[in-house]
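Note on naming: letters A, B, ... go to the chains in the order of the sequence lines (proteins, then strands), and numbering restarts at 1 for each one.
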2 protein chains.
Amino acid sequence: MGNTELKKTNQSWSPVRANSVANQIVMQVREALFSGKFQPGDLLGSEKDLAAQFDVSRITVRDALRTLETMGIIEIRVGAGGGARIAEGNLDYFSDALAVQFKLAGVTEREILDMQVAIEGTGAELAALNRSRENLEELTELLEEAESVIDSPADFTDAGQRFHLAVVEASGNRALIAQFRALRYVVWPQNAQRAKREIAENAQKIHRQLFAFIEAQDSEAARKLMIDHLASIRAVSFSGTAEDTANGLICC
Amino acid sequence: MGNTELKKTNQSWSPVRANSVANQIVMQVREALFSGKFQPGDLLGSEKDLAAQFDVSRITVRDALRTLETMGIIEIRVGAGGGARIAEGNLDYFSDALAVQFKLAGVTEREILDMQVAIEGTGAELAALNRSRENLEELTELLEEAESVIDSPADFTDAGQRFHLAVVEASGNRALIAQFRALRYVVWPQNAQRAKREIAENAQKIHRQLFAFIEAQDSEAARKLMIDHLASIRAVSFSGTAEDTANGLICC
DNA sequence: ATGTTCAAATTATTATATCATTATATGAAA
DNA sequence: TTTCATATAATGATATAATAATTTGAACAT
């Protein structure tokens, strides 16, 4: 048994088996991160180093590192000069964890779409307020790209999705961006490649209008348009009739 | 080296070291979950069983289980009849992962508050639409509890926070609830125990008004009130002057 | 000097064996 | 029926060793 200098001030996490040595190490690193002792890129050390530091076996360190890695706190590299380092933010783990939780909790498509409305509505609103010139240029490029592939459903859907992402990115809010990415990953299977010609034209029209609002910094209009846009997508998702689809309400 | 019957159809996750045997096991379990082969509560087996099934060592299985556990996919119990089971949804893991990502990405308090507006605004809106009789009763109870401890800042803050949570819960949207819990965990350190008497009275008034809107199913009013409510909290958070605080703009 | 190749050092990955700890299940006694 | 002791089964942890992957750096050729 090793001396891991644990603080028992832990809270709100994993009630069971929280006092295992491996978890104590996880907690220490986690708290060191939150207390500002670590920054992305900082080296924690190799398994051997850490085993010596904590006075535990390498296996125990490994358990802790595996957990920290999955939490996105550290990155591990093999080879000389390798070892465990504090990670840069990596949203992939997070998105995946989100998808898993939604799956396990049995969250419905309806609930996810409501969530999407919350995120993208606010995203559009803040985009109108905070957009930079670079944001406008990127949005313009994406609009033109979508225009050029308007006859190719798959390509248009892809360009449309990137337009939505670019809108949220223009908000400058990384929390929103993270959520949007995560949600898109969850929603993605449902609404891929459904855009026929007339549908695409309608979507493109709405996107152009949205761009105009964002450029004019009309945040309320941008929000409202985005919400209506998503609401119509939802309507189609739930009725699912060919008529609705033909009405051009869906985009990407 | 074991035969793990891996499918190489993996995507969108952990680009580095994704082909380790341990990760292949993780992938298999994850995909089995998403393909509906597993349900919460299902037994995966003990470490020994799994080591035999996959024809790998116990250490490798352990690595995989540690990852799956951190992702919230499985729960592990010690002792006879224990082993690894598919988890019920556990949002604590997710909340923690979110907090970590925000920390690593350097997300500011401002960004988190904007996010909170998105979540709680939509939460209030949907609460007005979907609230059940039970929701109304719980909200009423919380209002009365807050009233009874209005002179105790810490208790009132606590009751107020639970009121906010109950509002989001009344939306019936588990995705929103998960986000709210996660955000609350991130924000929590900042705005605890600041409610003086006059501030508490103002907050209580707003909460009662919010309840009225939710009861009357006036979703737009509920959303607007919630957003204003949070906006004033934000204003205080950023100015931070004693005057603003005394203006009674902050609640919990 | 500069770029390339190759060997050595470093590190994680996997494996096997063993003991300790913990939780469940079983069964006997009250 | 409850309670308590015991057996059993599982993870937790340690030790040791072989293997694979990666980087470093030196030797080499250009």
### Message
Taking any heavy-atom pair under 4.0 Å as a contact, classify A:E47: base, sugar-phosphate, or nothing.
### Response
base

### Query
With no hydrogens and no angle check, do the side chains of B:T60 and B:D63 hold a donor and an acceptor under 3.5 Å apart?
no

### Query
Taking for each residue the nucleotide of DNA chain D with the nearest heavy atom, is it B:I59 or B:S46 whose nucleotide lies nearer the 5' end?
B:S46

### Message
What is the separation between atom CG on B:L44 and atom P on D:dT11, rounded to the nearest whole Å?
### Response
11 Å

### Summary
Residue set satisfying salt bridge (Lys or Arg N to Asp or Glu O under 4.0 Å) with A:R85, at least two apart, ordered chain then number -> none

#### Entry: Least distance between heavy atoms, A:F156 atom then A:A146 atom
CD1-O, 3.4 Å

## Note on the structure
When rounded to whole Å, the CD1 to C1' distance for the pair B:I74 and D:dA10 reads 14 Å

### Query
Above 12 or not: heavy atoms from other molecules or residues under 6.0 Å from CD of B:E134?
yes

### Nearest-Å distance for atom pair CZ/C1', residues A:R58 and D:dT19
12 Å

### Query
Taking atom P of D:dA10 as reference, at what distance in whole Å does atom CG of B:L50 sit?
11 Å

### Task
Search all heavy atoms of B:A124 against all heavy atoms of B:M226 and return the closest pair with its distance.
CB-CB, 3.8 Å

What are the atom names and distances for every N/O pair under 3.5 Å that joins the protein to nucleotides 6-10 of chain C?
unit_1, atom_1, unit_2, atom_2, d
C:dT10, O2, A:A80, N, 3.3

#### Entry: Proximal nucleotide (of C:dA15, C:dT13, D:dT14) relative to the B:S57 side chain
C:dA15

### Message
Taking salt bridge (Lys or Arg N to Asp or Glu O under 4.0 Å) as the definition, give me every residue that meets it alongside B:E147, ordered by chain and number, with sequence neighbours left out.
### Response
B:R208

### Task
Identify the heavy atoms of B:R66 and B:I76 that sit nearest to each other, and give their distance.
NH1-CD1, 3.6 Å

### Task
State which residues pass side-chain contact (heavy atoms from CB on, under 4.5 Å) with B:A175; sequence neighbours excluded, sorted by chain then number.
A:F102, A:V107, A:M115, B:N173

### Message
What is the distance, to the nearest angstrom, from the CD atom on A:E75 to the P atom on D:dT22?
### Response
15 Å

#### Entry: C:dT13 OP1/OP2 closer than 4.0 Å to side-chain N/O of A:R66
yes

### Query
Tell me: CZ of B:R85 to C1' of C:dA23, nearest whole Å?
12 Å

### Query
Taking five pairs at each end of the helix from C:dA1-D:dT30 to C:dA30-D:dT1, what angle separates the two helix axes (nearest 10°)?
20°

### Query
B:L68 CG to D:dT11 P: how many Å, rounded?
14 Å

#### Entry: Atom-to-atom span, CG of B:L65 to P of D:dA10 - whole angstrom
13 Å

#### Entry: Pairing residues for A:E137 by the salt bridge (Lys or Arg N to Asp or Glu O under 4.0 Å) criterion, not counting sequence neighbours
A:R133

### Query
Looking only at side-chain N and O atoms, does B:R77 come under 4.0 Å of OP1 or OP2 in D:dA10?
no

